[in-house]
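Contents: one structure, followed by commentary.
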Protein chains: 2
Amino acid sequence: MKELLHAKGFKMTPQRELIFRTFFDMGRHVSADELSEKVRRKDRSIGHSTVWRTLKLICTVGLAQEVNIGDGITRYDRITRVPHGHLFCLECGEFVEFDAGDMISRLDKVASDSGFVPEGFKVEIQGYCKKCRQQSQESGR
Amino acid sequence: MKELLHAKGFKMTPQRELIFRTFFDMGRHVSADELSEKVRRKDRSIGHSTVWRTLKLICTVGLAQEVNIGDGITRYDRITRVPHGHLFCLECGEFVEFDAGDMISRLDKVASDSGFVPEGFKVEIQGYCKKCRQQSQESGR
DNA sequence: ATTGAAATTGAATATCGCTTTCAATTAGGA
DNA sequence: TCCTAATTGAAAGCGATATTCAATTTCAAT
Ligand SMILES: [Mn+2]
Ligand SMILES: [Mn+2]
Ligand SMILES: [Zn+2]
Ligand SMILES: [Zn+2]
């Protein structure tokens with residue numbers, strides 16, 4: 001961890017250590033605010049901007065990436081070996097991940113066919129989960 | 001057009017007429033600001049908020065949809081019969097569309113397997129276009 | 001261990017899409 | 001024509017993200 005930062009010219013600090021640990025202990029798709037709140041419950045002296053900057057840093061060193069579902073809130077998702085897509089509910093915000101490995105090869109080809117060097121892929125499905133559909137049905141319409 | 005609005009309880013106005021026409025005359029992936037600027041070149045009296053709201057309206061009646069690539073700017077894309085994906089350059093912002101029809105059937109299955117009723121799909125590739133790669137190579141690194 | 005340049009921090013402030021508010025105007029069915 | 005609900009434009013508001021800056025801290029080089 002410390003090595004990874006130093007390799008790219010960044011320094012390790014107590015704040016970063018706590019933020020890193022908290023981030024990786026939390027689930028996936030964490031927003032800056034959510035992380036900030038959790039971090040500051042452990043150490044009230046850590047500033048919001050530091051949490052925010054560290055999240056960017058985690059992306060910069062390649063350990064996470066931003067996920068944007070169009071609700072104006074950026075979430076941060078740990079990068080896994082297997083590329084995955086997101087399925088999320090427009091009503092309750094539930095996230096489901098699914099394996100997108102097979103699609104990536106297709107998309108790779110699409111990119112090179114257009115002369116692009118791909119940097120990242122995004123495969124998303126927006127919809128309504130079973131639970132939300134049942135609830136809206138119960139409450140009429 | 002007017003009928004489409006009336007069918008959903010909306011009224012037609014001169015402002016909307018101009019905004020609709022301008023939007024559909026412009027290319028794809030238009031941001032609210034871009035449209036607003038173009039509209040107001042034709043009629044300076046039209047307020048920004050009206051352009052805004054009309055863009056939302058166009059989505060509501062099903063003629064366009066929001067496209068969000070994570071740069072904080074919502075773009076509006078006319079809905080075409082064929083579902084398509086987006087390939088865009090992280091450097092210059094160039095957009096390329098590609099046919100994603102075959103992927104949709106796969107995604108449809110993924111959704112139903114999880115008990116979701118899909119409302120929309122997003123297939124995107126971020127990368128660097130040929131032109132930008134050449135330019136950054138010329139200017140060292 | 002000491003030093004010092006460069007990175008980092010936290011509070012405050014700025015930014016900037018986007019949204020809401022509200023009084024005045026307008027559309028269009030009755 | 002009349003009436004009411006929808007619409008408009010200006011201004012103010014909102015909220016996530018970004019930047020500024022003085023004070024502090026890290027860590028490579030002494
Ligand atoms: Mn994920
Ligand atoms: Mn498109
Ligand atoms: Zn749901
Ligand atoms: Zn480019």
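When reading the values below, keep in mind they use all heavy atoms of this one structure, side chains included, and skip hydrogens, waters and symmetry mates. Predicted model only: the values in this text are computed from it and were never measured. Reminder, nothing fancy here: chain letters follow the sequence lines and each chain counts from 1.
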A:Thr80 OG1 to A:Gln65 CD distance, which is reported to the nearest 0.5 Å: 8.0 Å
Need the bend value for the helix from C:dA1-D:dT30 to C:dA30-D:dT1: angle between end axes, 5 pairs each end, nearest 10°. 30°
Output yes when at least one side-chain N/O atom of B:Lys56 is less than 4.0 Å from OP1 or OP2 of C:dT19, else no. yes
What integer distance in Å separates A:Leu5:CG from D:dT26:P? 14 Å
Whole angstrom is fine here: how far is it from CD in B:Glu66 over to P in C:dT19? 7 Å
Suppose clustering is done on Ile, Leu, Val, Met, Phe, Trp and Tyr with side-chain heavy atoms closer than 4.5 Å. Which residues sit in the same group as A:Tyr128? A:Val67, A:Ile69, A:Phe88, A:Leu90, A:Phe95
To the nearest 0.5 angstrom, please state how far the CD atom of B:Glu37 sits from the NE2 atom of B:His48. 9.0 Å
As a quick check of understanding, evaluate side chain to side chain donor-acceptor pair (under 3.5 Å) for A:Thr60 and A:Lys8, giving each step before the final call. CA-CA 9 Å; A:Thr60 301; A:Lys8 306 210 177 191; over 6 Å; no
Sequence neighbours excluded, every pair satisfying side chain to side chain donor-acceptor pair (under 3.5 Å) that has a member inside residues 98-122 of chain B: A:Asp102-B:Arg106, A:Arg106-B:Asp102, B:Lys109-B:Asp113
Separation of B:Lys2 atom NZ from D:dT7 atom P, in whole Å? 13 Å
At under 4.0 Å between heavy atoms, what does B:His48 touch on the DNA or RNA strands: base, sugar-phosphate, or nothing? nothing
Whole angstrom value for the distance that separates C1' of D:dG15 from CD of A:Glu34: 15 Å
Without decimals, in angstroms, what is the distance between A:Lys8 NZ and D:dT26 C1'? 20 Å
Using a side-chain heavy atom cutoff under 4.5 Å and only I, L, V, M, F, W and Y, what cluster partners does A:Leu4 have? A:Met1, A:Leu5, A:Phe10, A:Met12, A:Leu18, A:Ile19, A:Phe20, A:Phe23, A:Phe24, A:Met26, A:Val30, A:Leu35, A:Val39, A:Ile46, A:Val51, A:Leu55, A:Leu57, A:Ile58, A:Val61, A:Leu63, A:Tyr76
For nucleotides 3-9 of chain C, give me one character per nucleotide, 5' to 3': B if any protein heavy atom sits under 4.0 Å from the base, S if the only such contacts are to the sugar-phosphate, - if neither. ---BSSB
By nearest nucleotide on DNA chain D, pick out whichever of A:Tyr76 and B:Arg40 is the more 5' one. B:Arg40
Could you go step by step and tell me if A:Glu66 and A:Lys56 meet the side-chain contact (heavy atoms from CB on, under 4.5 Å) rule? CA-CA 9 Å; A:Glu66 303 190 342; A:Lys56 287 277 174 190; 2.6 Å; yes
Minimum side-chain heavy-atom gap A:Asp77-A:Arg75 below 4.5 Å: no
Can you tabulate the close N/O pairs, meaning under 3.5 Å, that link protein atoms to atoms of nucleotides 14-17 of chain C?
from	atom 1	to	atom 2	distance (Å)
C:dG17	O3'	B:Gly72	O	3.4

Rounded distance (Å) that lies between atom P of D:dT7 and atom CZ of B:Phe20: 10 Å
Enter the distance from B:Trp52:CH2 to B:Ser36:OG here, rounded to the nearest 0.5 Å. 9.5 Å
d(A:His86 NE2, A:His29 NE2) to nearest 0.5 Å is 3.0 Å
Heavy-atom count around A:Lys42 NZ within 6.0 Å, excluding the residue itself: above 12? yes
